[in-house]
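Excluded from the calculations below are hydrogen atoms, water molecules and symmetry mates; all remaining heavy atoms, backbone and side chain alike, are included.
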Amino acid sequence: RPFHVEPTNIVSVNDDMQRVTDEASAMNKRIHYYSRLTSPADRALIAPDHVLPAPDEIYVYSPLGTAFKVDSCTDGYGKNSSIVTIFMIWNTMMGTSILSIPWGIKQAGFTSGIILILLMGILTLYCCYRVVKSRKMIPLLDTSNWEFPDVCKYYFGSFGQWSSLLFSMVSLVGAMVVYWVLMSNFLFNTGKFIYNFVHDVNVTDIVPGTNGSNKVICPSAASSHPPQNRSVMFSSGNDTGFELFEKWWNKSQTVPFYLVAILLPLLNLKSPSFFAKFNVLGTVSVVYLVLLVTVKAARLGIHLEYNWFTENDFFVPEFRIQFPQLTGVLTLAFFIHNCVITLLQNNRNQENNVRDLSIAYFLVGLTYLYVGVIIFASFPSPPLSKECIEQNFLDNFPSDDIMSFVARIFLLFQMMTVYPLLGYLARVQLLRQFFGNAYPSIFHVLILNIAIVGAGVAMAIFYPNIGGIIRYSGATCGLAFVFVYPSLIYLISQHRAGRLTWPALIIHIFIILLGLANLIAQFLL
């Protein structure tokens, strides 16, 4: 016989063809997703190189602007292993909220704070699970390329489309405002540290604080206004030069404007994909923060006293009426619902999606708990009161603290690279919706960017409270994407299928009411 194929070879060929088909299908899904985020002329998010991963590496791009490479974690056919999927979700959720978790625990009380972190993690995980299942509940349609806003549009029509756009913009612009406030803070403290070091200036903060090498300060005790970190000089040097520096290097009056000269031109770039290469610093920053917290706690020790309902000069009650301020922060801290479908759709084993999502949420909650509990417990009370814990816990360490200086440098550079990506996503979502083009003209883009930057500058000047901004934006966008839409979609789909029960109806209406109460409480407390 001139040609012979063994049956085993036929099976092997068929398996290879099936693998090629699966790989092409996964690639097409990702190309379709990226092409919907940008205009045809812009290559920033259209079929980037990582849609064709090599057998020994995988590139990850999250919708919030995180890009990184993980070696030896892919099967070579465009599918992610469970560990990569878990890490993607953890990396996407870990953000600026981690800086406000200790403050949130202080507002809620130590015991109730721990309970709320656990309960909010479970509740948001359940709602996230409903988001993941929402596509599969739509009959007779190919929803493989749909995202959650597409599902909202299917169930609620144009109202779902525009409302999902509105709440998505709230989350994006809210994140950009928080970034601007934090970048102003980090740039101010970094510049102050460098100036004092170069000019050999010995500065003593006028705010109360502990003594010794592990100094902790209480900026809020110096004034009823947001902390300005003003200081007085006691060493040799040019007093006039130091006063001039303090005048032109002010955290709320000048530094926010200096950032405009750096970041506004970057926002107007047609393609900011270059900055995605640096966002691995986000993961490095979180790891370093965990290390910083551990070292500080080891040096400061544990300072806890349990007062269940009464307050004294140094400690707060275990349960406080201001607990909704923590739930608002946690809503954004656990927020991934508008992009979780994208992160899970290329998981190698789709049957493990619920397990991998649960593990990722557990790790996120564990990270928040560790940082929040350790900072709160090790805060030196006495001599300082627990009320001194700032909305950004790095503000409790003076500008000349070496470990805090390194953390601020990491976070400043990471945020300056993520900020143009967030602005680009906001531009794509808004301008494409109104003009059909993500870059209709430099005039349109400039007006949008000036408005976004103006909001950040205004907040950095008049309301530099990141805990407040996070809880307001978190409760607002969370009302739609976390509480209302997933619950309503589940109830509607079950009703259409004739499987809706009274317990399910009561439970999901209760979830909606919780989200509404969470939002209202932010404006009352």
Side-chain angles (χ1 to χ4, degrees), residues 65 96 99 172-199 201 203 205 219 223 225-231 233 238 240-269 272 274-275 278-279 281-282 285 390-392 394-395 397-401 404-424 426-427 442 445-466 469:
T96 55
L99 298 173
L172 279 173
V173 175
M176 295 181 74
V177 168
V178 171
Y179 271 37
W180 201 276
V181 174
L182 285 173
M183 286 187 294
S184 300
N185 181 309
F186 297 149
L187 182 60
F188 168 79
N189 283 286
T190 301
K192 184 178 178 182
F193 175 90
I194 294 174
Y195 179 89
N196 294 343
F197 180 80
V198 170
H199 294 83
V201 176
V203 176
D205 292 310
S223 173
H225 300 288
Q228 299 299 313
N229 281 15
R230 292 193 55 81
S231 50
M233 183 178 65
N238 189 330
T240 304
F242 183 81
E243 292 173 357
L244 190 64
F245 170 77
E246 290 245 306
K247 175 182 178 182
W248 291 102
W249 196 256
N250 186 285
K251 184 163 66 173
S252 63
Q253 302 300 321
T254 60
V255 173
F257 293 98
Y258 298 154
L259 286 170
V260 176
I262 303 173
L263 294 174
L264 185 58
L266 299 180
L267 286 177
N268 294 319
L269 295 176
F274 168 78
F275 298 102
F278 300 98
N279 288 309
L281 287 176
S285 300
E390 294 294 314
Q391 297 186 18
N392 168 12
L394 290 177
D395 283 343
F397 302 107
S399 59
D400 59 353
D401 182 86
S404 301
F405 168 75
V406 174
R408 292 178 180 119
I409 285 288
F410 268 124
L411 290 168
L412 176 62
F413 187 72
Q414 186 255 341
M415 290 180 179
M416 291 181 71
T417 56
V418 170
Y419 191 83
L421 290 165
L422 294 177
Y424 178 79
R427 181 211 312 170
I442 184 62
V445 174
L446 185 61
I447 291 297
L448 174 63
N449 290 335
I450 289 175
I452 293 175
V453 168
V457 172
M459 288 303 234
I461 295 174
F462 300 108
Y463 191 76
N465 304 314
I466 65 164
I469 302 171

Straight-line distance of Leu422 CG to Met415 CE, nearest 0.5 Å: 10.5 Å
Nearest non-hydrogen partners of Tyr419 and Met183, listed with the distance: CD1-CE, 3.8 Å
Nearest atoms (heavy-atom pairs only) where Pro256 meets Ser252: CG-O, 3.8 Å
Non-hydrogen atoms of Ser285 and Phe410 that approach each other most closely: OG-CB, 3.7 Å
Residue pair Asn189, Phe193: steps toward the side chain to side chain contact (heavy atoms under 4.5 Å, CB included) verdict: CA-CA 6 Å; Asn189 283 286; Phe193 175 90; over 6 Å; no
Separation between OG of Ser184 and CG of Asn250, rounded to the nearest 0.5 Å: 10.5 Å
Partner residues of Tyr258 under the ring pair (Phe, Tyr, Trp, His ring centres under 6.0 Å) criterion, sequence neighbours left out: Trp249
Pairwise distance CG(Leu266) to CG(Leu421) - rounded to 0.5 angstrom: 10.5 Å
Reported CG-to-CG distance for the pair Leu187 and Leu412, which is rounded to 0.5 angstrom: 6.0 Å
Asn196 side chain vs Lys192 backbone, donor-acceptor pair below 3.5 Å: yes
Spatial distance of atom CG (Leu99) from atom CG (Asn392) [nearest 0.5 Å]: 5.0 Å
Audit row: Phe397, Phe405, side chain to side chain contact (heavy atoms under 4.5 Å, CB included) steps and yes/no: CA-CA 9 Å; Phe397 302 107; Phe405 168 75; over 6 Å; no
Let me have the donor-acceptor pairs involving side chains of residues 445-462, under 3.5 Å, with sequence neighbours excluded, atom names and distances please.
| residue | atom | partner | partner atom | Å |
| --- | --- | --- | --- | --- |
| Asn449 | ND2 | Leu267 | O | 3.2 |
| Asn449 | ND2 | Asn268 | OD1 | 2.7 |
| Asn449 | ND2 | Val445 | O | 3.2 |

Minimum heavy-atom distance Ile466-Gln391, with the two atoms named: N-OE1, 3.3 Å
Over all atoms of both residues, closest heavy-atom pair of Pro398 and Arg408: O-NH1, 3.7 Å
From CG (Asp395) to OG (Ser404), nearest 0.5 Å: 9.5 Å
Set of ring pair (Phe, Tyr, Trp, His ring centres under 6.0 Å) partners for Phe186, sequence neighbours left out: none
Nearest non-hydrogen partners of Trp180 and Leu259, listed with the distance: CZ2-CB, 3.5 Å
Contact check, side chains of Leu394 and Leu411, non-hydrogen atoms, under 4.5 Å: yes
